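What follows is a single structure, written as structure tokens, with notes after it.
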Amino acid sequence: MERHLITSAIPYINGIKHLGNLVGSQLPADLYARYLRAKGHEVLFLCATDEHGTPAELAAAKAGKPVAEYCAEMHSVQAELARGFRLSFDHFGRSSSPQNHALTQHFAGKLADAGLIEEVSEKQVYSNTDKRFLPDRYIEGTCPNCGYDKARGDQCENCTKQLDPTDLIEPRSAVSGSTDLEVRETRHLYLRQSVLKDQLDAWIDSKSDWPVLTTSIAKKWLHDGNGLQDRGITRDLDWGIPVRKGKDAWPGMEGKVFYVWFDAPIEYIACASEWAEANGQDDASAQRWWRTDQGAEDVTYTQFMGKDNVPFHTLSFPATILGSGEPWKLVDQLKSFNYLNYDGGQFSTSQGRGIFMDQALELLPADYWRWWLLSHAPESSDSEFTWENFQVSVNKDLADVLGNFVSRITKFCRSKFGAEVPEGGTYGAEEEALIQSLRQRFKSYEEHLEAIEVRKSAQELRAIWASGNEYLQTVAPWTTIKSDPEKAAMQTRLGLNLALLFADLSAPFLPDASKTISAAFGNQENAWPEDVALSLETLAPGHKFDVPEVLFAKISDEQTEEWKAKFSGQ
RNA sequence: GGCGUUAUAGCUCAGUUGGUUAGAGCGAACGACUCAUAAUCGUUAGGUCGGUGGUUCAAGUCCACCUAACGCCA
């Protein structure tokens, strides 16, 4: 049995994610996890919320809540939405967990021991009113270039000129509006990634099977300009993981926390410990997935993420792991996605443009969204969501091809033979041809899923559904029954078995519909086929069934219009 | 300004290391069927593969330049 560790990029805590975020990591990761489980492999699928950093603090302040409380609430909101989309995490953790605190501090200690941490003194803007250092983007003022009065410390949005906070005329805090600012000297820890450059380079080179999108981004960061830059891993904030060297205090770093991008990926590991604890197991069962000296040598580790996260997963996080000198599992396969656009532009959290996870589930059940998103996943380039395309895909693929197939065969059988699988007849040429073709398609479906070719998997699955309709159309049991009832019984029996086979094969994409079909046949257990011909004999003559309710309702033109208007933004 | 990605039928996209008449789904037209969510099945039409030039016996597939969209960086 293979062992697969799967992680999805961890969503940031401040707010509800949109469908672009969902399709870029969590959803395809779920598809892969469900497939591997169905195949009988041992899978640990982890995700978490990324809770530290300034945006979380500010969002909490805006909500008028202590940041810890805010994060706890948003975590449960996101967890609920994940359940709503049927994301089958073995554990949905939190980067603010005690486990991640301890592990992040442990890594920092190990990196310091290895001589990979450097203390750097730098100047930063401090707000006396807010009693905090302000990141560049939280300082506003008048642009010296164009006079725009809401320019940010890193860039003027109006004329796009890059700025330093000290360039701004009449700088003020974006948090409070206070102008009582001063430049202070502060000391921070830097991770000396540059020392690890050759090691990282060689490691990336060894990944010849990675997508070009992934390796080209990594290579660019390694070789562009002065090469891989050292990175600050601490911040002057209250909310976060206190800077410690392992379990010991870190002189000079009192009151500082680790930078969110340092501790967030470490949560992938800590999350396994959270999972173990939540399931009443000791930590060895978590280490068994992560430490190659403690049982993880046979684990295949696959990460899913949007393209913006690639540098952190190919360079920063591996630098942390390699630099520690400890035998932690490194990623084996890294699947990255491009962006999903919304009706001609980008999804935008700040502008409320596009569809957010909570809104989507208010309109339609998870399977509708899962199908469209996965069958249109932005794998090779950015892709585009339009309501028209969504309507057509759902109506055609789900309602007409799959849903109607289940409906027509069960209703036909019920009216001609009663609500149980009919007996009699033997396979002929058409049946052999069907099985032959299904074997071929099934093989190719598995190969695409294995390779995490999401769109191609969806395409193949759709073709499998269509072959059911083709078969019925060709043998026409409604005609056969007039002259040869035995033969019609066989055709109908095969049709019913096809419906159940489709349920099993569709489960990774459409978990709910799959269950509905299985339940109609009184067969709760979803079984992945060993052999197509064999699984087409699952339902024996006499097996009772129910005609399932309508699996997928069609989306009307009126609904499409209404939703389009509702989600246009502004 | 630098770098990168993309540009293939009306729409959404496939096109392995360059090799016979460029593919799929949707949409369109026509036909078949009537069990079914007015569903299904079949046939046909449709593209000078963004532009120009080059390498080659042969280029959508490699190279150069140009154009457009998007993204990243300074």
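Chain letters run A, B, ... following the sequence lines, proteins first, then strands; residues in each count from 1. Computed from a predicted structure; not experimentally measured.
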Enumerate the protein-to-nucleotides 69-72 of chain B contacts in which both atoms are nitrogen or oxygen and the separation is below 3.5 Å.
{"residue": "G71(B)", "atom": "OP1", "partner": "Gln346(A)", "partner atom": "NE2", "Å": "3.4"}

Please state whether the rings of Phe390(A) and Phe385(A) are parallel, tilted or perpendicular, taking 30° and 60° as the class boundaries.
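Ring orientation of Phe390(A) relative to Phe385(A): tilted.
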Specify whether Tyr368(A) and Phe552(A) have parallel, tilted or perpendicular ring planes, treating 30° as the upper limit for parallel and 60° as the lower limit for perpendicular.
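Plane angle over 60°, so perpendicular.
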Provide, to the nearest angstrom, the distance between the [atom1] atom belonging to [X] and the [atom2] atom belonging to [N].
X: Gln391(A); N: C11(B); atom1: CD; atom2: C1'; result: 14 Å
X: Lys487(A); N: C35(B); atom1: NZ; atom2: C1'; result: 17 Å
X: Phe390(A); N: C26(B); atom1: CZ; atom2: P; result: 18 Å
X: Ile555(A); N: U37(B); atom1: CD1; atom2: P; result: 19 Å
X: Glu388(A); N: U12(B); atom1: CD; atom2: P; result: 11 Å

Verify whether one side chain among [X] and [Y] offers a donor that lies under 3.5 Å from an acceptor in the other.
X: Glu431(A); Y: Tyr471(A); result: yes
X: Glu460(A); Y: Ser444(A); result: yes
X: Trp465(A); Y: Asp397(A); result: no
X: Glu430(A); Y: Thr474(A); result: no
X: Thr234(A); Y: His188(A); result: yes
X: Glu122(A); Y: Tyr190(A); result: yes
X: Glu549(A); Y: Thr516(A); result: no
X: Asp557(A); Y: Gln391(A); result: yes

Could you work out the separation of [N] and [M] based on their [atom1] atoms and round it to a whole Å?
N: U67(B); M: G51(B); atom1: C1'; value: 7 Å
N: A22(B); M: A32(B); atom1: P; value: 31 Å
N: G10(B); M: U6(B); atom1: P; value: 22 Å
N: U12(B); M: A38(B); atom1: P; value: 29 Å
N: G60(B); M: A9(B); atom1: C1'; value: 14 Å
N: C66(B); M: U5(B); atom1: P; value: 16 Å
N: G53(B); M: A59(B); atom1: C1'; value: 14 Å
N: A39(B); M: C62(B); atom1: P; value: 43 Å

Starting the side chain at C-beta, find the nucleotide from C41(B), A36(B), U12(B) nearest to Asn404(A).
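Between C41(B), A36(B), U12(B), the one nearest the side chain of Asn404(A) would be A36(B).
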If you only use heavy atoms from C-beta on, which nucleotide in U12(B), A36(B), C26(B) is closest to the side chain of His376(A)?
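Selected nucleotide: U12(B).
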Looking at every strand, decide which applies to [X] at a 4.0 Å heavy-atom threshold: base, sugar-phosphate, or nothing.
X: Val392(A); value: sugar-phosphate
X: Ala466(A); value: sugar-phosphate
X: Ser383(A); value: sugar-phosphate

By salt bridge (Lys or Arg N to Asp or Glu O under 4.0 Å), which residues pair with Glu185(A), not counting sequence neighbours?
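By the salt bridge (Lys or Arg N to Asp or Glu O under 4.0 Å) rule, Glu185(A) matches Lys123(A).
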For Glu388(A), look at atom CD and say whether over 12 heavy atoms of other residues, nucleotides or ligands are found less than 6.0 Å away.
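Counting other residues, nucleotides and ligands, CD of Glu388(A) exceeds 12 neighbours.
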Contact residues, residues 429-465 of chain A to RNA chain B [heavy atom, < 4.0 Å]
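Those residues whose heavy atoms fall under 4.0 Å from RNA chain B, taken from residues 429-465 of chain A in numerical order, are Arg455(A), Lys456(A), Gln459(A), Arg462(A).
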Mark yes or no for whether His376(A), through its side chain, and Trp372(A), through its backbone, hold a donor-acceptor pair below 3.5 Å.
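Checking the backbone N and O of Trp372(A) against the side chain of His376(A), a donor-acceptor pair under 3.5 Å is found.
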Tell me if a side-chain donor or acceptor on Asn404(A) pairs with a main-chain N or O of Ala399(A) at a distance below 3.5 Å.
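Such a contact is absent between Asn404(A) side chain and Ala399(A) backbone.
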Using only modelled atom types and a 3.5 angstrom limit, is any donor from either the side chain of Asp400(A) or the base of A39(B) paired with an acceptor on the other?
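No pair found.
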Using a 3.5 Å limit on both pairing distances, list the dot-bracket string of RNA chain B from the 5' end; Watson-Crick and G-U wobble pairs count, crossing pairs take [ ], interstrand pairs take |.
(((((((..((((.....[...)))).(((((.......))))).....(((((..]....)))))))))))).
Anything under 3.5 Å between a donor and an acceptor, one on a side chain of residues 310-317 of chain A, the other on a protein residue two or more places apart or in another chain? List them.
{"residue": "His313(A)", "atom": "ND1", "partner": "Asn309(A)", "partner atom": "O", "Å": "2.8"}
{"residue": "His313(A)", "atom": "NE2", "partner": "Tyr268(A)", "partner atom": "OH", "Å": "2.6"}
{"residue": "Thr314(A)", "atom": "OG1", "partner": "Val310(A)", "partner atom": "O", "Å": "2.8"}
{"residue": "Ser316(A)", "atom": "OG", "partner": "Gln193(A)", "partner atom": "OE1", "Å": "3.4"}

Show me the protein contacts with nucleotides 28-34 of chain B, counting only N or O atoms at under 3.5 Å.
{"residue": "C33(B)", "atom": "O2'", "partner": "Trp478(A)", "partner atom": "NE1", "Å": "3.3"}

Of Asn469(A) and Leu398(A), whose nearest nucleotide on RNA chain B comes first from the 5' end?
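Comparing both residues, the 5'-ward one is Leu398(A).
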In terms of the nearest nucleotide of RNA chain B, which residue is placed more toward the 5' end: Lys396(A) or Ala399(A)?
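Going by which nucleotide is closer to the 5' end, it is Ala399(A).
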